[in-house]
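Please read the structure below before turning to the comments.
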Protein chains: 2
Amino acid sequence: MFSIGDLSRRTGVKVPTIRYYEQMGLIAAAKRTEGNQRRYDRDGLERLSFIRHARDLGLSIEAIRELTELSAHPERPCADAHRIARAHRTAVRTKIARLKRLEAELGRIETMCDADTVGDCRIIEALADHSLCSDEH
Amino acid sequence: MFSIGDLSRRTGVKVPTIRYYEQMGLIAAAKRTEGNQRRYDRDGLERLSFIRHARDLGLSIEAIRELTELSAHPERPCADAHRIARAHRTAVRTKIARLKRLEAELGRIETMCDADTVGDCRIIEALADHSLCSDEH
DNA sequence: CTAATCTCTCTAGCAACTATAGGTTCAAGA
DNA sequence: TCTTGAACCTATAGTTGCTAGAGAGATTAG
């Protein structure tokens with residue numbers, strides 16, 4: 001039996017975050033001691049590890065909820081799990097593409113200015129004037 | 001003189017967002033008509049365009065506040081503006097690197113499974129078990 | 001003058017937590 | 001057994017950058 005603090009140390013998920021996940025219905029409400037403190041078993045530990053890992057991979061709470069519901073029904077087709085993973089991967093790719101454009105733009109802006117004072121600073125100028133940009137963002 | 005709606009159409013910033021920026025102190029409180037409606041001049045339009053553009057580049061409200069304060073003092077050295085832009089660029093690069101690792105991992109997970117039912121699905125397995133991952137994330 | 005469209009303020013909601021306050025319980029040492 | 005201090009409890013508010021809604025007032029075109 002683990003206290004919430006034990007669970008936190010073992011998974012790396014902070015204590016208030018664990019309570020938050022419970023409130024959000026991501027993990028089942030834990031058993032309580034007589035004094036109303038949460039106690040977890042190995043099962044609870046594993047479920048939280050799963051969530052931790054999925055969050056690290058950037059999946060939303062909502063996506064994780066879907067996945068945990070799926071895994072509660074092992075007989076169902078796993079196409080849904082694939083769909084969720086694929087959708088997330090697509091979203092990640094889109095984000096990368098956008099950030100790359102931004103990075104290039106910021107690099108361009110940064111090398112544009114060799115002024116000493118703000119009055120001549122082309123960084124601020126470039127930020128003020130979208131037409132100085134090399135592409136859309 | 002532009003109404004808040006005019007400003008919104010010209011900059012692409014939504015009306016409630018403009019009011020929000022005013023509340024946050026990013027733009028000066030606009031003059032008002034007798035009937036208490038906001039009226040903007042060309043200056044206000046330009047300031048909002050600046051903010052819009054900087055937000056598009058992903059700069060935080062806080063960073064933009066610093067930049068607008070800088071540009072109000074043209075005699076100051078622009079090293080600070082450079083610092084802000086560089087810091088942001090570094091942050092963007094870090095994000096890209098992390099997302100790329102995620103993307104690779106998600107790709108790996110996705111191709112791992114050819115099961116039909118959730119019970120055998122290796123996607124869910126991989127999400128549950130970090131040790132199956134090829135690197136840290 | 002009237003009707004349609006803005007605009008006003010205020011409040012609450014989103015995601016995914018984090019922080020604080022004020023109070024209770026647990027576990028270990030004397 | 002008692003005490004002390006750490007850990008725990010709930011509830012509420014704050015974070016970021018907006019967005020949505022209610023209900024009331026202003027403006028403008030016909």
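The chains referred to below are lettered A, B, ... by the order of the sequence lines, with proteins before strands, and numbering in each begins at 1.
- Under a 3.5 Å cut-off, the side chain of B/Arg52 and the backbone N or O of B/Thr11 do form a donor-acceptor pair.
- Here C/dA27 is the nucleotide among C/dC17, D/dC18, C/dA27 with the atom lying nearest to any side-chain atom of A/Arg39.
- What you find for A/Arg42 and A/Arg10 is that their closest heavy atoms are NH2-NH1, 4.3 Å.
- For D/dC18, one of the phosphate oxygens OP1 or OP2 lies less than 4.0 angstrom from a side-chain nitrogen or oxygen of B/Arg55.
- B/Leu127 is listed as a side-chain neighbour of A/Leu59, based on a closest heavy-atom distance under 4.5 Å.
- Listed pair B/Thr17 / D/dG17 fails the phosphate criterion, with no side-chain N or O lying under 4.0 Å from OP1 or OP2.
- Counting only heavy atoms from C-beta on, A/Thr33 has its side chain closest to C/dC26 among C/dC26, D/dC8, D/dC18.
- Each of B/Ser60 and B/Glu34 was matched to the nucleotide of DNA chain D holding its nearest heavy atom; the match closer to the 5' end belongs to B/Ser60.
- A/Arg19 places its CZ atom 8 Å from the P atom of D/dC8, with the value rounded to the nearest Å.
- Across the protein-nucleic acid pair, A/Ile61 atom CD1 and C/dT18 atom P stand 11 Å apart, rounded to whole Å.
- Looking at B/Tyr21 and B/Arg19, their side chains never come closer than 4.5 Å, going by heavy atoms from C-beta outward.
- In this structure, A/Leu102 CG and B/Arg93 CZ are separated by 13.0 Å, a value rounded to the nearest 0.5 Å.
- A residue-by-residue look at A/Lys14 and A/Gln37 shows that A/Lys14 has its nearest nucleotide of DNA chain C further toward the 5' end.
- Counting to the nearest Å, the P atom of C/dC26 and the CG atom of A/Asn36 are 9 Å from each other.
- Between the P atom of C/dA15 and the CG atom of A/Leu59 lies a distance of 15 Å, rounded to the nearest Å.
- Between the CG atom of A/Leu7 and the P atom of D/dC8 there is a distance of 10 Å, rounded to whole Å.
- Contact detail for B/Leu26 and B/Ile64: the closest heavy-atom pair is CD2-CG2, 3.9 Å.
- In terms of phosphate contacts, B/Tyr21 brings a side-chain nitrogen or oxygen within less than 4.0 Å of OP1 or OP2 of D/dC18.
- Between A/Ser3 and D/dC8, a side-chain N or O to OP1/OP2 separation shorter than 4.0 Å is present.
- A sub-4.0 Å separation between OP1 or OP2 of C/dT9 and a side-chain N or O of B/Arg38 is present.
- One can place OH of B/Tyr20 at 10 Å from C1' of D/dT15, the figure rounded to the nearest angstrom.
- Sorted by first and then second residue, the side chain to side chain donor-acceptor pair (under 3.5 Å) pairs involving residues 23-37 of chain B (not counting sequence neighbours) are B/Arg32-B/Asn36, B/Gln37-B/Arg39.
- Contacts between residues 43-51 of chain B and DNA chain C, defined by a heavy-atom separation below 4.0 Å, involve no residue at all.
- One finds a side-chain N or O of A/Arg32 lying less than 4.0 angstrom from the OP1 or OP2 phosphate oxygen of D/dT10.
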